Amino acid sequence: MRVLMIGDVVGNIGRQTLKTYLPKLKQMYSPDAIVVNGENAAANGRGIQRAIVREWLDAGIDCVTLGNHAWGQGEVFDFIDEEAHLIRPANFPKGTPGKGMTVLSTKGGKLAVINLMGRAYMESALDCPFRTADRLLQQLSHNTYILIDFHAETTSEKQAFAWYVDGRVSAVVGTHTHVQTADEKILPKGTGYLTDVGMVGPYDSVIGMERTAVIKRFVTQLPVRFEVAKGRTQFNAVLFDFDKETKKAKKIKRIRIDDDMPLIG
Ligand SMILES: C=C(OP(=O)(O)O)C(=O)O
Ligand SMILES: [Mn+2]
């Protein structure tokens with residue numbers, strides 16, 4: 001089973017970059033499933049709209065995950081329960097609209113995708129992501145590949161979580177910081193791991209936002225409106241090959257394409 005996980009797509013520029021590279025990557029790697037984090041996909045970088053989800057699913061993306069901006073666009077409440085393969089962090093409190101796990105039937109087999117959110121330095125009041133994972137994993141049969149999008153700020157929480165589920169899932173991929181880490185590894189019991197897959201969006205930015213506004217925020221300590229940056233772009237993703245028998249990771253390849261750098265990998 002080969003799964004392509006694409007990092008947080010940021011704003012219109014991120015969506016356009018995704019549109020540019022997706023066909024090439026599908027042709028190059030022929031993934032059995034494509035998962036994209038869309039929590040910053042709206043024009044202002046906060047949330048996602050129905051039209052974006054529809055466009056992505058029609059373009060061959062199999063699952064869209066979210067994060068702390070899940071509710072950034074008011075219209076999401078109108079469709080989040082209608083889109084089978086749009087998921088938001090499973091550890092939002094019980095009764096929250098939407099769901100945190102979906103199971104995809106792919107040509108390579110069944111792939112469960114779970115979205116969780118960390119709690120360290122994250123605003124929302126969330127249930128424990130570790131215990132939420134325990135609960136969800138009990139619902140899955142042993143012949144299912146399992147990918148977890150762990151949307152969190154700190155490396156320590158992401159690493160701790162991956163060790164906690166090592167051997168129980170195929171891979172844990174961190175999202176949210178928008179910076180791709182270079183620590184891909186396969187843990188001792190076979191779970192693939194990457195602290196953060198990075199983003200699809202502006203290259204000359206502060207994690208996707210226009211840098212002068214962010215600098216002003218830090219220098220003046222006053223509230224400043226952030227806009228998605230313009231200009232050169234970057235495309236960050238990670239490709240997993242999972243073993244058919246064990247459902248565990250056997251190969252991990254980071255993908256990073258920047259406007260001024262050739263396709264690495
Ligand atoms: C990327 C970040 O924020 P957001 O969830 O707004 O994208 C971040 O704070 O690291
Ligand atoms: Mn986020």
Side-chain angles (χ1 to χ4, degrees), residues 5-18 35-49 52-53 56 63-74 76 80 86-92 96 98 100 113-127 129 132 147-159 161 172-183 194-218 221 223-230 233-238 256:
M5 171 77 199
I6 298 172
D8 305 20
V9 177
V10 179
N12 297 345
I13 189 170
R15 297 205 312 274
Q16 190 47 51
T17 306
L18 176 65
V35 181
V36 185
N37 187 296
E39 79 123 19
N40 304 111
N44 65 0
R46 290 187 288 280
I48 194 165
Q49 286 125 342
I52 299 171
V53 176
W56 285 0
C63 176
V64 180
T65 58
L66 297 172
N68 51 298
H69 290 299
W71 322 116
Q73 299 294 314
V76 70
I80 193 163
L86 170 66
I87 58 177
R88 47 74 178 160
N91 53 322
F92 274 122
T96 300
V113 185
I114 296 173
N115 195 183
L116 287 165
M117 190 138 75
R119 296 192 290 183
Y121 301 101
M122 299 292 280
E123 292 103 47
S124 320
L126 298 164
D127 295 342
T132 304
L147 173 69
I148 297 183
D149 171 341
F150 195 78
H151 197 76
E153 192 69 60
T154 67
T155 300
S156 56
E157 191 175 18
K158 290 171 168 178
Q159 287 188 349
F161 179 79
V172 173
V173 190
T175 57
H176 179 63
T177 71
H178 297 184
V179 177
Q180 187 174 89
T181 55
D183 62 340
L194 180 64
T195 293
D196 206 297
V197 59
M199 74 166 163
V200 179
Y203 183 81
D204 300 302
S205 69
V206 176
I207 60 173
M209 292 300 154
E210 201 279 317
R211 56 191 186 272
T212 47
V214 182
I215 293 166
K216 187 176 173 196
R217 171 81 180 85
F218 280 114
Q221 294 294 302
V224 178
R225 235 181 109 62
F226 294 159
E227 308 257 309
V228 175
K230 297 182 175 55
T233 64
Q234 64 181 45
F235 182 102
N236 294 166
V238 60
R256 185 182 144 196

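All values derive from a computational prediction rather than experimental measurement. Atoms within a ligand are numbered from 1 in the order they appear, just like the ligands themselves.
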(message) A side-chain contact here means heavy atoms from C-beta on lying under 4.5 Å apart; do Val200 and Asp8 qualify?
(response) no
(message) Closer than 2.8 Å to the Mn ion (ligand 2): does that hold for any N, O or S atom in His151?
(response) yes
(message) Considering non-hydrogen atoms of the protein only, which is the closest contact for atom 9 (O) of ligand 1, and what is the distance?
(response) Glu153 OE1, 3.3 Å
(request) Could you tell me whether the Mn ion (ligand 2) has an N, O or S atom of Asp8 under 2.8 Å away? (result) no
(request) Assess Asn68: does it contribute an N, O or S atom lying under 2.8 Å from the Mn ion (ligand 2)? (result) yes
(message) Can you see whether His178 engages Asp196 through a side-chain donor-acceptor pair at a distance of less than 3.5 angstrom?
(response) no
(message) What I'd like to find out is whether the side chain of Lys158 reaches to under 4.5 Å of the side chain of Val172, using heavy atoms alone.
(response) no
(message) Looking at every non-hydrogen atom in both residues, tell me the closest pair between Ile13 and Thr233 and how far apart they are.
(response) CG1-CG2, 3.4 Å
(request) Would you name the N/O/S atom of His176 that lies closest to the Mn ion (ligand 2)? (result) ND1
(request) Return the option from His69, Glu39, Met199, His176 holding the heavy atom at the smallest distance from atom 1 (C) of ligand 1. (result) His176
(request) Give the atoms of ligand 1, by number and element, whose distance to some non-hydrogen atom of Ile207 is under 4.0 Å. (result) 1 (C), 2 (C), 8 (C), 10 (O)
(message) From the N, O or S atoms in Glu39, identify the one nearest to the Mn ion (ligand 2).
(response) OE2
(request) Tell me which protein heavy atom sits closest to atom 7 (O) of ligand 1, plus the residue, atom name and distance to 0.1 Å. (result) Asn40 ND2, 3.0 Å
(request) Would you mind reporting whether Val228 and Met209 have side-chain heavy atoms less than 4.5 Å apart? (result) yes
(message) Less than 3.5 Å apart, any donor N or O on the side chain of Thr175 or Asp149 sitting next to an acceptor on the other?
(response) yes
(request) Could you tell me how the ring of Trp71 sits relative to the ring of Phe92: parallel (under 30°), tilted (30 to 60°) or perpendicular (over 60°)? (result) tilted
(request) Would you mind reporting whether Thr65 and Val35 have side-chain heavy atoms less than 4.5 Å apart? (result) yes
(message) Side chain or backbone, does His151 bring an N or O within less than 3.5 Å of an N or O on ligand 1?
(response) no
(request) Just jot down the ligand 1 atoms closer than 4.0 angstrom to any heavy atom of Thr177, in number order. (result) 10 (O)
(message) Side chains of Arg119 and Glu157, heavy atoms from C-beta outward: is any pair under 4.5 Å?
(response) yes
(message) Closer than 4.0 Å to some heavy atom of His178 - which atoms of ligand 1 meet that?
(response) 1 (C), 7 (O)
(message) Quick check on contacts: which atoms of ligand 1 are under 4.0 angstrom from a heavy atom of Asn68?
(response) 4 (P), 5 (O)
